[in-house]
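Lettering of chains follows the sequences in order, A, B, ..., and the numbering in each one begins at 1. Quick note: numbers below take in every heavy atom, side chains included, and nothing from hydrogens, waters or symmetry partners.
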There are 2 protein chains.
Amino acid sequence: MNRLPVAERREQLIEAALAVASRDGIDAATVRAVAAEAGVSLGVVHYCFQDKDELLRAMAHAITSANLERSMGELPPDVGVAAVIDGTIDALWDGIKESRGAQLLSYELTTSSLRHPELNQVAIEQYRGQWAAAEQVLRGVEQAAGVTFSVPLETLARTVVAVVDGYSLAWLVDGDEAKAREGMHGFGRFLLSTTVANPRDGLEQLLDTGDEALPA
Amino acid sequence: MNRLPVAERREQLIEAALAVASRDGIDAATVRAVAAEAGVSLGVVHYCFQDKDELLRAMAHAITSANLERSMGELPPDVGVAAVIDGTIDALWDGIKESRGAQLLSYELTTSSLRHPELNQVAIEQYRGQWAAAEQVLRGVEQAAGVTFSVPLETLARTVVAVVDGYSLAWLVDGDEAKAREGMHGFGRFLLSTTVANPRDGLEQLLDTGDEALPA
DNA sequence: GTCTATAGTTGGATAGAC
DNA sequence: GTCTATCCAACTATAGAC
């Protein structure tokens with residue numbers, strides 16, 4: 001019906017694909033279903049995208065971009081190391097649990113990418129994005145709490161992603177929010193144990209302690 | 001060609017399904033492909049299984065059963081806490097990395113189960129099995145090294161599964177064995193920090209230390 | 001028990017009218 | 001740019017011969 005420039009049409013279709021795939025799974029995101037969701041006819045999709053794979057790739061790219069932007073915006077307030085870590089974990093976890101479908105889709109995309117050569121780059125881009133985002137978050141924690149992690153941020157970021165992935169997957173399976181949150185906060189205490197206070201005014205010493213938070 | 005009792009035929013078909021799905025992905029495990037892999041014709045599969053879902057459920061069940069049995073057999077030798085933990089992690093990791101396809105299939109099964117009502121129970125059985133297996137392994141570590149974990153085994157088992165899942169997924173994506181192994185051993189040191197020595201001969205004290213291994 | 005043949009669906013992709 | 005109509009491939013499932 002409506003005549004739109006191709007770029008806008010693509011945006012609309014990507015959003016429709018995201019809606020269908022989040023709600024009904026990646027296999028349900030057929031070209032037909034996406035067209036129906038967007039309220040256009042089959043031909044339109046093939047006009048905007050060369051084939052189904054290009055649509056899926058575009059959808060995946062949209063997800064990772066959104067994730068990255070989201071992680072950039074979150075600068076935690078400075079209220080002591082432990083609180084900063086806990087608050088960051090809570091924010092992260094809230095974001096996950098309020099979008100079950102999207103979270104599940106993320107794993108479906110990863111496995112699909114690992115099986116199908118046409119989606120080759122999707123998984124690695126996904127994870128490069130998540131590792132970068134996690135590193136950014138950790139850097140934010142360092143700055144907000146005035147501490148330094150005694151483990152390289154890159155290594156720590158990988159661990160964060162792995163742990164969040166693992167607990168998220170378990171939560172998707174058994175739906176136990178309490179256990180997931182408990183586990184993540186347990187990991188938070190481990191993170192805390194890898195922090196050392198910054199020698200800000202030349203007062204504190206660099207010691208690898210697992211001590212409680214110190215006021216900033 | 002060959003006339004086999006139904007039970008054996010089912011075993012054979014399950015094995016064929018496992019082979020196809022591990023090699024080419026869960027979507028490639030069509031009834032046709034499984035029949036071809038097993039060297040029988042299409043009708044035979046439908047004679048042995050009511051429908052495709054029953055075949056997939058049987059396949060999933062075979063996987064979790066195998067996982068459970070495998071974890072039962074591994075009793076680590078007693079060579080000090082740290083070495084026992086490291087050895088257990090190495091054994092676990094070796095098992096994972098030498099079966100990339102099966103590991104990936106495991107995640108595909110989980111996500112499929114979470115999307116399709118017909119496979120409803122598959123994911124939760126999968127994880128109940130893994131949690132039980134992890135708990136068993138932790139119990140084995142306790143016995144072999146003469147220590148006790150200061151965290152409930154059930155909680156710790158969940159964490160083990162989450163961490164292993166997370167690192168495995170990352171490894172599937174980027175193929176970096178070194179980083180995966182490094183991360184898992186880092187987690188091993190965390191595990192070590194939650195152990196307390198048993199008061200075996202009334203000599204040791206119960207202390208929540210992160211000390212090195214003590215000779216048994 | 002095992003095979004071939006076929007019915008019935010679904011989905012990707014294209015052609016061509018408007 | 002958008003729509004309808006259509007082709008073609010792949011799949012599940014069943015019927016019926018052997």
Kindly say whether [Y] contributes a backbone atom to a donor-acceptor pair with the side chain of [X] at under 3.5 angstrom?
X	Y	result
B:Asp51	B:Glu54	yes
B:Ser168	B:Val164	yes
A:Arg10	A:Cys48	yes

What pairs of donor and acceptor atoms, side-chain ones from residues 97-106 of chain B against any protein atom, are under 3.5 angstrom apart with sequence neighbours left out?
unit_1, atom_1, unit_2, atom_2, d
B:Lys97, NZ, B:Asp94, OD1, 3.4
B:Ser99, OG, B:Gly95, O, 3.1
B:Ser99, OG, B:Ile96, O, 3.4
B:Arg100, NH1, B:Leu172, O, 3.0
B:Gln103, NE2, B:Tyr107, OH, 3.3
B:Ser106, OG, B:Gln126, NE2, 3.3

Between A:Arg32 and A:Cys48, which residue's closest nucleotide on DNA chain D lies nearer the 5′ terminus?
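The residue whose closest nucleotide sits nearer the 5' end is A:Cys48.
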
5′-ward residue of the pair A:Pro5/B:Ala29 relative to DNA chain D
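In this pair, the answer is A:Pro5.
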
Can you tell me how far [atom2] of [N] sits from [atom1] of [X], to the nearest Å?
X	N	atom1	atom2	result
B:Leu13	C:dG1	CG	C1'	12 Å
A:His116	C:dG12	NE2	P	12 Å
A:Lys52	D:dC8	NZ	P	22 Å
A:Asn2	D:dC3	CG	C1'	14 Å
A:Arg3	D:dG1	CZ	P	8 Å
A:Asp27	D:dC11	CG	C1'	13 Å
A:Leu4	D:dT2	CG	C1'	11 Å
B:Leu56	D:dA13	CG	C1'	15 Å

Nucleotide nearest B:Val44 (side chain, heavy atoms from C-beta), chosen from C:dG12, C:dC3, D:dC3
C:dC3

With sequence neighbours left out, what residues match B:Leu42 under side chain to side chain contact (heavy atoms under 4.5 Å, CB included)?
B:Val31, B:Arg32

According to a strict under-4.0 Å criterion, is B:Arg9 in side-chain N/O contact with OP1 or OP2 of C:dT2?
yes

Between D:dT14 and B:His46, is there an OP1 or OP2 to side-chain N/O distance shorter than 4.0 Å?
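For B:His46, the contact criterion (side-chain N or O under 4.0 Å from OP1 or OP2 of D:dT14) is not met.
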
Within the structure shown, what part of the strands sits under 4.0 Å from A:Ser41 by heavy-atom distance: base, sugar-phosphate, or nothing?
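If one applies the 4.0 Å heavy-atom cut-off, A:Ser41 turns out to touch a base.
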
Taking the nucleotide of DNA chain C with the nearest heavy atom to each, does B:Leu42 or B:Val6 sit closer to the 5' end?
B:Val6

